[in-house]
Amino acid sequence: MEPTQPKRSPQPSRVAVAGASGLIGTALARSLAEDGHEVVRLVRRAPRAPGEVRWDPKKGYVDTAGLAGCSAVVNLAGAGIGDHRWTDAYKRELRDSRVLGTTALAAAASSLDEPPRVFLNASAIGYYGDTGRRAVDESAPAGEGFLPSLCVEWEAATAAAEEAGIRTVIARNGLVVGREGGAWGRLFPLFKAGLGGRLGDGRQYWSYISLHDEVAALRHLLDTETLSGPFNLTAPDPLTNREVTAAMGRVLKRPTLLTAPAPALRVVLGEMAGDVLGSQRVLPRRLLESGFAFAFPGIEESIRAALR
């Protein structure tokens, strides 16, 4: 199956991207540049190359002069959810890197003499909490716990952009199937070594999306002027961890006999284990209704796409 090409902007434009060095940001910036768009990368150090703009999300500083002429501002920045154990200090880091950064960018965008046409901000399907076997779409309320409350604050931090009349879009990202980062960046080496297996009883749902479709969906949200509000960026058919594990074994031709027992995960991961073992069956209703077509809707094709 040939990948569906994302909808393209009719004319080259200038797009600011925060978080351009991450898995999604790197792929999005590459896609935009390949189509002739000028990508402005927000960096937290002194700029060293053309197209870099200084910002300090925790201090609320953005070099607004560098955003002049941007038709879109995309915020994908935030400390890695799974990079460290969730101590109180790291939970503050997770919150501040998202909420303070989003607040600063939304305020900067709204302060421009010619504001961007669209402000696209990342969020996560963690918004819904543990949904068990129940399927949810964008109409579902926020769940309970640290991640849902974080996502609620994160999304609310876009208020300045929306109040300024900028079309504001929230991308609630699922688990992105890619080799270079995120959850799958950690899974691939384990499974290739024959050390992969289910987590807990494996019955929890994983809502995934291929990196190709993630970028295509972001481009679709940027380019379609009638779209605003939250969108779930997940493939149409969430699967259980047990099913995902089996698919990884089939594609990589490796055994998947090992199991990480729930009690052991709770000892090793602490509070974060609740989210690893939790179930999120999230559907991309609004994305599908907007006319978006997935190139890799199934798990095996998503895995194979990541290995190309």
Do NZ/NE/NH1/NH2 and the carboxylate oxygens of [X] and [Y] come within less than 4.0 Å?
X    : Y    : result
R45  : E52  : yes
D201 : R242 : no
R30  : E34  : no
E300 : R250 : yes
R285 : E289 : yes
E93  : K58  : yes

Please report the closest heavy-atom contact between T131 and Q280, naming both atoms and the distance.
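That would be OG1-CA, 3.6 Å.
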[X] side chain vs [Y] backbone, donor-acceptor pair below 3.5 Å:
X    : Y    : answer
S123 : R172 : no
T168 : F119 : no
R44  : P57  : no
S210 : D213 : yes

Using the test side chain to side chain contact (heavy atoms under 4.5 Å, CB included), find all partners of C70 that sit at least two apart in sequence or belong to another chain.
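Once residues adjacent in sequence are excluded, the partners of C70 under the side chain to side chain contact (heavy atoms under 4.5 Å, CB included) criterion are R14, A16, V40.
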Counting C-beta onward and ignoring hydrogens, is there a side-chain heavy-atom pair between [X] and [Y] closer than 4.5 Å?
X    : Y    : result
R286 : N232 : no
L67  : L112 : yes
L28  : V15  : no
V176 : I24  : yes

Around atom CZ of R54, are there more than 12 heavy atoms from other residues, nucleotides or ligands closer than 6.0 Å?
yes
Over 12 non-hydrogen atoms of neighbours within 6.0 angstrom of CZ in R133:
no
Verdict with reasoning, I81 to L94, per side-chain contact (heavy atoms from CB on, under 4.5 Å)
CA-CA 7 Å; I81 291 291; L94 291 173; 4.0 Å; yes
According to a hydrophobic-cluster definition based on side-chain heavy atoms being under 4.5 Å apart (Ile, Leu, Val, Met, Phe, Trp, Tyr only), do L120 and W154 belong together?
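Different clusters: L120 never reaches W154 through Ile, Leu, Val, Met, Phe, Trp or Tyr contacts under 4.5 Å.
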For I125, what are the other residues in its hydrophobic cluster, where any two members join if their side-chain heavy atoms are less than 4.5 angstrom apart?
Y127, Y128, V136, V152, V282
Any donor-acceptor N or O pair under 3.5 Å, side chains T102, N75:
yes
Just say parallel, tilted or perpendicular for the rings of F296 and H212, cut-offs at 30° and 60°.
perpendicular
Yes or no on ring pair (Phe, Tyr, Trp, His ring centres under 6.0 Å) for Y61 and W55, after CA distance, side-chain angles and deciding distance?
CA-CA 5 Å; Y61 169 77; W55 81 313; 9.7 Å; no
The test is side-chain contact (heavy atoms from CB on, under 4.5 Å); show your working for W206 and I299 and say whether it passes.
CA-CA 10 Å; W206 279 19; I299 188 58; over 6 Å; no
